[in-house]
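Structure record follows, encoded as structure tokens.
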Amino acid sequence: MHNYCAETANELETRWQSCWARDDVYAVGNPGDAGFDAKKPKFYCLDMFPYPSGAGLHVGHPVGYIGSDIISRFKRMGGYNVLHPMGWDAFGLPAEQYAIETGVHPAITTKKAIDTFRDQLQRIGFSYDWSREFATIDPDYYKWTQWIWLQAYSAWFDPTSQSAKPISTLMEALEKGDIVPEDANWESKTAVEKAAYVDTKRIAYLGEQVVNWCPKLGTVLANEEVIDGRSERGSHPVVRRPLKQWMFRITAFGDRLLEDLEDLDWPQSTRRMQQEWIGRSEGADVNFALANSDDSILVYTTRPDTLFGVTFMVLAPEHPLVAEVLENPPSSMDVTSVEAYVTEAKNKSDIDRMIDQKEKSGVFTGLQAINPATGEEIPIWIADYVLMGYGHGAIMAVPAHDQRDFDFAETFDIPIREVVRPTSGEDESCFSGNGVAINSASDAVSITNKTTNDAKQIIIAWLEKEEIGSAKVNFRLRDWLFSRQRYWGEPFPVVFDEEGLYYPIQEHKLPVSLPNLEDYTPVESNDPQPLLSKATDWLHTTAGEAGVDPALLPPETPVTRESNTMPGWAGSCWYEIRFCSPHDDARFVNKEAEKYWMGNGIDLYIGGAEHAVLHLLYARFWHKLLFDLGKVECNEPFRKLFHQGLLTSFSFQRKNKTLVPSNLVEERDKKFYEIETGEELERVIAKMSKSLRNVVNPDDVIADYGADTLRLYEMYMGPLEASAPWNTRDIVGVHRFLQRVWRLGIDDLTGELCSNLANEANEDVERALHATVSKVTDDIPKLAYNTAIASMIEFVNTSTSAGALTTGQLDTFLRILSPFAPHIAQELYTRIGGDGYVASQSWPTFDPKMLLADVIEMPVQIMGKVRGRISVPAGANPKEVEEIALHDEQIATLLENITVRKVIVVPNKIINIVAN
RNA sequence: GCCGAUGUGGCGGAAUUGGCAGACGCGCCGGAUUCAAAAUCCGGUUCCCGUUAAGGGAGUAUGGGUUCGAGUCCCAUCAUCGGUACCA
């Protein structure tokens with residue numbers, strides 16, 4: 001037998017894969033390379049590169065990769081230069097955790113995992129340009145990751161131009177007096193003070209602030225990595241504590257990160273999530289003077305128009321004024337209870353703070369502030385519902401118009417004063433919407449009867465005139481904490497002298513290599529202890545050895561290296577750029593190559609929606625920084641983004657909603673039972689997971705059916721963006737399809753070419769072929785692969801039934817099949833005498849005239865129900881169609897005793913007769 | 001709670017600007033081929049009524065609405081999934 005089966009598929013697939021590798025079929029050059037035509041249009045199609053885990057690939061991984069491979073192959077055949085690379089995101093926690101358990105160096109396990117992943121991916125037949133492969137752990141790569149960090153270190157954000165600039169421009173402007181420091185006192189500063197001031201303005205800066213410390217992971221985490229007070233990875237408890245850490249001034253880019261989302265071709269939901277994460281709000285800073293004191297409290301509010309409704313103030317327990325007042329408490333303060341409350345709040349984790357949101361707790365300070373609008377004294381409270389991390393850690397409370405303040409006021413019996421009336425609808429107990437100001441007039445200022453928006457403007461103008469406040473834009477986004485106390489990450493190119501002053505490593509001395517460690521176990525300590533501090537020989541060195549500019553520090557000066565490392569995100573923040581020229585060692589990317597491939601951003605970026613905020617926001621930030629500094633052409637890296645759906649699996653659920661691993665379930669009469677207990681189970685959709693035993697390995701699927709079947713099945717399951725459950729039973733459908741494709745060209749019995757390929761073309765088959773080419777050509781750019789495959793199945797069924805297909809028709813069909821099932825298409829293409837690789841041929845065209853039939857069959861409805869059908873010549877005008885319909889025997893009979901009121905003719909679609 | 005998405009046969013899913021609901025595949029039923037089975041091929045398959053049939057009725061989460069015509073548009077409700085969580 002010579003039929004298409006698992007053996008046939010596996011034999012021909014591995015054979016062609018080695019030919020592709022041998023002939024570099026999918027390698028693409030760069031502008032300036034021999035044979036590279038830079039006048040051709042380009043298509044840069046990128047997959048989010050994987051973190052290669054020791055477990056290897058499961059069938060969920062390739063979904064997006066198959067999707068990107070199909071459109072890449074399609075674009076190549078359409079005459080584009082296609083950049084379609086793959087690499088590895090290889091720094092990170094899992095390899096390090098494994099090293100802690102086994103003592104095996106992360107570099108070894110990571111390399112092994114990469115080799116496994118690469119083998120598995122190559123077996124699926126992707127058209128990656130493997131000559132561009134790299135991993136983020138390669139010193140040639142992380143050298144430039146460190147270099148980019150130095151760019152941020154050596155830059156500041158100029159608020160006037162809203163862009164990053166070299167730090168030297170700041171120093172010049174300060175010297176010239178164009179920029180004045182906050183204390184208006186540049187001239188009298190010492191050199192060290194001047195340097196310290198400039199340091200506070202760097203985009204990569206060392207900041208002492210409260211961080212999220214995860215004892216279990218032994219490292220700090222960025223705000224984004226903390227979910228409900230637990231680590232995003234592993235879900236371990238996180239506590240907050242102050243620490244000096246490297247930060248990125250991402251908040252400076254908040255406006256641009258927000259505004260530039262508008263022009264991106266991204267899923268609406270992802271843009272929304274980024275918008276909300278950035279969380280821009282407009283409002284005002286207002287200073288409240290304390291009664292009987294020179295102190296004041298600065299608050300941020302989005303509702304300055306409710307100033308007349310402020311009946312108390314609240315400080316976060318961590319607010320500096322709290323500690324200050326406790327040092328020297330006024331007689332009105334109940335020191336014991338205030339201290340107790342503050343201590344308790346400090347010890348509470350974020351999770352505990354979030355429980356019982358309704359139940360507000362707090363303590364009165366005994367202090368009073370003065371409402372600047374009314375002149376009234378208002379009490380100052382401390383409560384943990386006010387967060388130190390947002391605004392100024394203090395609020396003006398307006399219980400009538402803010403639910404939280406309302407709950408608090410109710411609990412502690414504080415007056416509630418209504419100052420906004422809704423323009424419509426009933427007056428709720430706590431109305432937080434826009435309306436019209438009431439009860440808002442004093443000798444100082446009046447906004448009564450003004451709409452909320454007008455009232456805001458008036459109050460802000462008044463605050464500014466009185467110099468007690470100003471308009472302010474605030475972001476939810478915090479600066480990005482960029483230090484980790486882990487081993488398996490990029491070292492920072494910076495050292496400290498004995499006084500704690502820091503110095504960057506010179507560019508030409510990069511990379512700062514990661515030293516080897518004997519032992520990866522984190523140090524048990526209340527204080528975060530970076531693992532690299534165990535590498536004492538490496539840690540303590542001299543300025544010259546480390547590569548500090550001798551002009552900054554004499555070479556023999558003893559220095560300590562930075563022992564924190566960069567987080568896992570670092571490598572994935574710019575890999576898309578490096579793929580343009582991965583082996584360039586003169587620059588982080590070749591300028592011409594970057595301009596050609598990324599001048600208008602990446603044409604298609606495919607990856608999971610789980611990266612909607614973190615990775616995509618960080619990468620955008622790095623790109624904008626590099627853009628401002630003139631290092632890249634474009635200010636957004638990913639022009640078009642697409643999220644593939646999650647591949648789920650079936651699982652089995654007991655009545656009490658617990659899940660049963662799939663290997664403990666049996667199927668009888670279409671029902672599912674737990675083997676041990678005999679309980680009937682419900683089949684539900686669940687994530688693939690080891691514990692549920694419902695993970696499918698692509699290697700097994702390939703062994704049973706071949707890679708082409710795997711590719712086709714994953715794309716045929718449904719729309720690429722939708723989640724769908726893996727159902728092994730369904731795979732045979734597309735496998736049978738490929739068997740029929742095979743028989744179009746090959747006689748199963750003899751293995752020879754089918755004899756009828758030489759016959760004359762069949763008219764119906766030819767029309768069907770044009771229709772299929774048209775459908776597939778339309779569907780691929782939309783990534784609507786499931787319907788493209790359906791139309792190809794229909795074509796094969798049509799030509800199989802017709803028993804007639806010419807060599808030329810088969811050639812055309814194999815070309816449109818080739819992006820989906822490249823191996824079988826190549827094999828048959830070669831067997832029917834095609835030259836070279838089908839992947840390098842041109843995409844077929846179709847004749848639109850062939851899509852139109854001469855006679856069109858149209859359904860005829862009477863009162864919206866189909867009652868018959870008629871045949872009309874193509875191009876008949878509506879009047880003619882109406883005549884034909886009304887004179888149709890069957891229709892005329894049905895219309896005998898009723899009156900025709902109206903006839904609606906939709907050309908080429910339908911006729912509806914309104915009659916009664 | 002708030003924001004967003006989704007809801008179509010036994011299952012995965014199709015359906016241009018509103019125009020024949022269920023393409024295509026799985027499964028199932030019947031047939032051909034076979035000593036037999038597998039594989040393959042052909043036909044059928046939304047549900048209900050109708051002896052097979054002819055034919056009729058209902059139907060795209062639920063309830064209303066707009067329209068000659070609604071899976072598609074509008075309003076309300078329910079369910080599932082995702083995001084978010086005191087952001088002043």
For nucleotides 38-42 of chain B, which of its nitrogen or oxygen atoms have a protein nitrogen or oxygen under 3.5 Å away, and what is each distance?
residue : atom : partner   : partner atom : Å
rU40(B) : OP1  : Gln739(A) : OE1          : 3.0
rU40(B) : O3'  : Arg743(A) : NH2          : 2.9
rC41(B) : OP1  : Arg743(A) : NH2          : 2.9

Charged tip of Lys360(A) within 45° of Tyr385(A) ring normal and under 6.0 Å: yes
Scanning both residues in full, the closest heavy-atom pair of Val420(A) with Gly433(A) reads CG1-O, 4.3 Å
Asp704(A) meets the salt bridge (charged side-chain N to carboxylate O under 4.0 Å, His left out) criterion, sequence neighbours left out, with none
To the nearest angstrom, the CD-C1' distance between Gln268(A) and rC3(B) comes to 12 Å
Taking pairs as Watson-Crick (N1-N3 plus N6-O4 or O6-N4) or G-U wobble (N1-O2 and O6-N3), each distance under 3.5 Å, the stems of three or more consecutive pairs with RNA chain B are B:1-7 with B:78-84, B:10-12 with B:24-26, B:27-32 with B:40-45, B:46-49 with B:55-58, B:61-65 with B:73-77
When rounded to the nearest 0.5 Å, the distance separating OG of Ser470(A) from CD1 of Ile460(A) is 8.5 Å
- After noting the C-alpha distance and the side-chain angles of Tyr300(A) and His392(A), does the key distance pass the ring-ring contact (aromatic ring centres under 6.0 Å, His included) rule? CA-CA 6 Å; Tyr300(A) 171 74; His392(A) 305 293; 7.1 Å; no
Syn within 90° of 0, anti beyond: rG9(B) is syn
Here the residues of residues 271-280 of chain A within 4.0 Å heavy-atom distance, strictly under, of RNA chain B are Arg272(A), Met273(A), Glu276(A)
Residues 768-790 of chain A vs ring pair (Phe, Tyr, Trp, His ring centres under 6.0 Å), sequence neighbours excluded, gives Tyr785(A)-Phe820(A)
- Establish, with yes or no, whether the OP1 or OP2 oxygen of rA88(B) is under 4.0 angstrom from a side-chain nitrogen or oxygen of Tyr390(A). yes
Query raised in the report: What interatomic distance, in whole Å, is found between C1' of rA14(B) and the corresponding atom of rG83(B)?
Result: 29 Å
* Which word best sums up how the rings of Phe412(A) and Trp381(A) line up, parallel for under 30°, tilted for 30 to 60°, or perpendicular for over 60°? -> tilted
Closest to the 5' end of RNA chain B, once Ser269(A) and Ile911(A) are matched to their nearest nucleotides, is Ser269(A)
So what does Asp405(A) hit on the nucleic acid, given a heavy-atom distance under 4.0 Å: a base, only sugar-phosphate, or nothing? nothing
With rounding to the closest Å, how many angstrom separate the P atoms on rG64(B) and rC48(B)? 24 Å
For Asp305(A), the salt bridge (charged side-chain N to carboxylate O under 4.0 Å, His left out) test, sequence neighbours excluded, returns Arg303(A)
All heavy atoms of Asn786(A) vs all of Gly718(A), minimum pair found to be ND2-C, 3.5 Å
Atom CG of Leu720(A) and atom P of rG13(B) are separated, to the nearest Å, by 13 Å
P atoms of rA23(B) and rG31(B), separation to the nearest Å: 24 Å
Using atom names, set out every protein N or O paired with an N or O of nucleotides 54-59 of chain B below 3.5 Å, distance rounded to 0.1 Å.
none

Sorted by chain and number, sequence neighbours left out, side chain to side chain contact (heavy atoms under 4.5 Å, CB included) with Arg743(A) holds for Gln739(A), Arg740(A), Asp748(A)
Here the pair of heavy atoms bringing His643(A) nearest to Leu616(A) is CE1-CD1, 4.3 Å
The nucleotide from rA14(B), rC24(B), rC11(B) with an atom nearest the side chain of Thr787(A) is rA14(B)
Pairwise C1' distance, rG82(B) and rG65(B) [rounded to whole Å] = 31 Å
Dump every N/O contact between nucleotides 63-73 of chain B and the protein below 3.5 Å, one line per pair.
residue : atom : partner   : partner atom : Å
rC68(B) : O2'  : Asn912(A) : ND2          : 3.3
rC68(B) : O2   : Asn912(A) : ND2          : 2.7

Nearest-Å distance once atom C1' is located in both rG71(B) and rG9(B)
14 Å
Atom CE of Met717(A) and atom P of rC11(B) are separated, to the nearest Å, by 16 Å
With side chains defined as the heavy atoms from C-beta onward, is the minimum distance between Trp277(A) and Leu617(A) less than 4.5 Å? yes
Original post:
Does Lys782(A) pair with Asp778(A) as a salt bridge, N-O distance under 4.0 Å?
Top reply: no
When you measure only distances, ignoring hydrogens and angles, does the side chain of Tyr300(A) come within 3.5 Å of the base of rC87(B) through a donor and an acceptor? no
Base rC86(B) paired with Lys360(A) side chain (donor-acceptor, <3.5 Å) = yes
Residues passing the side chain to side chain contact (heavy atoms under 4.5 Å, CB included) test with Ala612(A), sequence neighbours excluded, are Thr270(A), Met273(A)
Could you work out the separation of rG57(B) and rC3(B) based on their C1' atoms and round it to a whole Å? 43 Å
Separation of rA85(B) atom P from Tyr385(A) atom OH, nearest Å, is 19 Å
Note to self: Classify the ring geometry of Tyr4(A) against Trp742(A): parallel below 30°, tilted from 30° to 60°, perpendicular beyond 60°.
What the structure shows: tilted
The salt bridge (charged side-chain N to carboxylate O under 4.0 Å, His left out) partners of Glu7(A) (sequence neighbours excluded) come to none
When rounded to whole Å, the CG to C1' distance for the pair Asn474(A) and rC87(B) reads 8 Å
Rounded to whole Å, the NZ-P distance (Lys909(A) to rA21(B)) equals 13 Å
Q.
Taking rG69(B) as the reference, what is the distance to rG18(B) when you measure between their P atoms (whole Å, please)?
A. 15 Å
Considering only heavy side-chain atoms of Ala790(A), the closest of rC20(B), rG12(B), rA23(B) is rA23(B)
So the salt bridge (charged side-chain N to carboxylate O under 4.0 Å, His left out) pairs with at least one residue in residues 856-871 of chain A (sequence neighbours excluded) are Glu857(A)-Arg869(A)
In whole angstroms, the gap separating C1' of rC24(B) from NE2 of His735(A) amounts to 18 Å
Assign each of Phe650(A) and Thr302(A) the nucleotide of RNA chain B bearing its closest heavy atom; nearer the 5' end lies the nucleotide of Phe650(A)
In terms of heavy-atom contacts, Val419(A) and Phe308(A) come closest through CG1-C, 3.7 Å
Here the distance between atom C1' of rC28(B) and atom CZ of Arg729(A), to the nearest Å, is 10 Å
Subject >> Gap in Å between the two C1' atoms, one belonging to rU72(B) and one to rA21(B), rounded >> reply: 11 Å
